[in-house]
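The block underneath contains the structure these notes are about, expressed in structure tokens.
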There are 2 protein chains.
Amino acid sequence: MPEADIATLLAFFKAMANESRLRIIGLVAERERSVQELAELLDLKEPTVSHHLAALKALDLLHVRVEGVTHWHRLRPEGLHDFNRALFDQKDLTALAKPEQTWEEKVIANFLMPDGTLRTLPASRRKRWVLLKWQMSGFEEGRRYPEKEVNAILQRRHPDAATMRREMIGWKMLAREDNVYWRLPEDQWEEA
Amino acid sequence: MPEADIATLLAFFKAMANESRLRIIGLVAERERSVQELAELLDLKEPTVSHHLAALKALDLLHVRVEGVTHWHRLRPEGLHDFNRALFDQKDLTALAKPEQTWEEKVIANFLMPDGTLRTLPASRRKRWVLLKWQMSGFEEGRRYPEKEVNAILQRRHPDAATMRREMIGWKMLAREDNVYWRLPEDQWEEA
DNA sequence: GAACTCCATCGATGATTATCTAATCAGATA
DNA sequence: TATCTGATTAGATAATCATCGATGGAGTTC
């Protein structure tokens with residue numbers, strides 16, 4: 001397993017948090033089992049077993065040997081042990097505390113190209129707002145920027161500086177007078 | 001933790017199979033946290049956090065220190081390690097395959113005292129039937145038992161041999177002639 | 001005692017998921 | 001090719017569970 005990021009552990013625990021799947025693990029730990037056989041032993045229908053096996057396979061916990069139309073499943077115990085290690089050393093445990101990316105961070109990550117420029121300006125108004133807010137870090141409070149400089153700053157991210165400038169003013173992030181711009185205090189910015 | 005029965009493990013995995021609870025674990029692993037604080041960090045409302053904490057407390061994974069109206073929660077790492085051990089040694093793993101106790105096995109377990117004798121003869125006719133059936137293992141087919149021997153066998157489990165003997169005959173588990181008893185074939189026993 | 005703070009409980013709501021039937025697929029066999 | 005068999009996929013349904021607002025309880029402060 002890669003590193004113990006919260007998503008990986010969560011997927012693992014979700015897979016194990018079901019009685020049918022736990023019992024399947026027990027059964028395929030003993031020896032190879034076919035879908036039919038498992039359905040019989042667990043008193044479930046075959047599609048249900050198939051569904052559970054798919055969940056376990058997605059985590060690479062099973063080995064499948066195909067023999068004609070029969071699929072023989074057995075446990076890959078290393079899979080289990082990988083998760084074991086990941087979970088129970090303290091370093092990884094506290095790593096769970098690290099918050100996930102927020103929605104805004106994800107939006108930014110999605111629109112950012114490797115060179116740091118924006119792929120496009122999002123069509124969604126709310127996403128555009130996130131990206132404009134993000135670009136405000138290019139402006140210091142208390143400084144005055146001629147239009148030419150504003151454009152230069154914005155074009156580091158996307159060529160359509162005019163649109164971005166206009167919307168920043170609309171959201172009250174920037175103010176303008178006589179073609180000179182300045183950053184407004186963050187608590188005055190409007191919400192999307 | 002006691003032994004790794006499937007119900008215990010299932011409860012543990014269900015508790016861990018939730019992102020909010022995983023992140024709570026990460027946060028309380030670092031240091032003590034109040035409900036408020038967790039709600040803030042996780043961007044959840046307090047009742048939700050309270051609910052998750054209750055789930056973790058039910059598994060004895062948390063330690064709580066009450067200070068005025070504030071409840072400080074921290075992780076009890078031993079709790080985690082107990083589950084760890086239970087899960088990941090192979091012996092316990094295959095134990096998952098063992099089917100749950102049937103109703104009959106539970107009845108027997110409930111009436112059996114540590115020394116192997118019966119606490120009482122159940123009042124319920126159906127439970128009494130289960131326990132009599134179970135005691136039939138003391139009799140071999142094809143052998144003839146004088147009444148004295150029958151009593152001796154039955155009294156290993158409960159002093160009231162007369163009642164048990166009489167009911168075994170009623171259920172056609174035992175037959176009698178001239179004060180000599182013998183076991184009847186299992187497919188002739190009557191159902192409760 | 002009144003007001004306030006922090007937390008727990010209750011009941012409702014929406015989302016997720018386990019399970020089923022029906023339909024489909026893919027090897028094997030006639 | 002037609003048929004059979006074991007497995008998967010699709011779609012529907014029902015149960016479970018996460019979350020919330022409203023309310024209540026218990027300690028603290030005034």
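Below, chains carry the letters A, B, ... as their sequence lines are ordered, and counting in each starts from 1. Here the structure is a predicted model, which is why all the values come from computation and not from measurement.
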Pairwise 5' ranking along DNA chain C for B:Thr70 and A:Asp43, keeping only the more 5' one: B:Thr70
Rounded interatomic separation in angstrom, taking NZ from B:Lys14 and P from C:dT17: 13 Å
Residue A:Asn18, side-chain heavy atoms: nucleotide from D:dT19, C:dT19, D:dC17 that is nearest: C:dT19
Sugar-phosphate, base or nothing in reach of B:Glu46, heavy atoms under 4.0 Å: base
Length of the CZ-P vector between B:Phe13 and D:dC17, whole Å: 16 Å
Test salt bridge (charged side-chain N to carboxylate O under 4.0 Å, His left out) applied to A:Glu190 and A:Lys172, A:Arg125, A:Lys133, the passing residue: A:Lys172
Phosphate contact (C:dC20 OP1 or OP2) by A:His51 side-chain N/O below 4.0 Å: no
Atom-pair distance (CD on B:Glu37; C1' on C:dC7), nearest Å: 14 Å
Aromatic ring pairing B:Phe12/A:Phe13, orientation class (parallel under 30°, perpendicular over 60°, tilted between): perpendicular
Side-chain touch B:Ile24/B:Arg33, heavy atoms, less than 4.5 angstrom: no
Chi angles and distances behind the side-chain hydrogen bond (donor to acceptor under 3.5 Å, both in side chains) call for A:His52, A:Arg21: CA-CA 6 Å; A:His52 288 312; A:Arg21 280 193 296 268; 3.1 Å; yes
Value in whole Å for how far the C1' atom of D:dG6 lies from NE2 of A:His73: 10 Å
Heavy-atom side-chain proximity of B:Val35 to B:His73 below 4.5 angstrom: yes
B:Gln36 CD - C:dA8 P separation (whole Å): 11 Å
Hydrophobic cluster identity match, A:Trp72 and A:Leu41, side-chain contacts under 4.5 Å: no
When you compare the protein's N or O atoms with those of nucleotides 21-29 of chain D, which come within less than 3.5 Å of each other, and at what distance?
none

Nucleotide of C:dA8, D:dA18, C:dT19 approaching B:His52 most closely (side-chain heavy atoms): D:dA18
Whole-Å distance separating the NE2 atom of A:His71 from the P atom of D:dT5: 17 Å
ILVMFWY network linking B:Leu75 to A:Leu10, side-chain heavy atoms under 4.5 angstrom: yes
Below 4.0 Å: OP1/OP2 of C:dT19 and any side-chain N or O of A:Ser20: yes
Length of the CG-P vector between A:Leu56 and C:dA18, whole Å: 11 Å
Phosphate OP1/OP2 of D:dT8 contacted by A:Lys57 side-chain N/O (<4.0 Å): yes
Interatomic distance where CD belongs to A:Glu19 and C1' belongs to D:dA15 [whole Å]: 15 Å
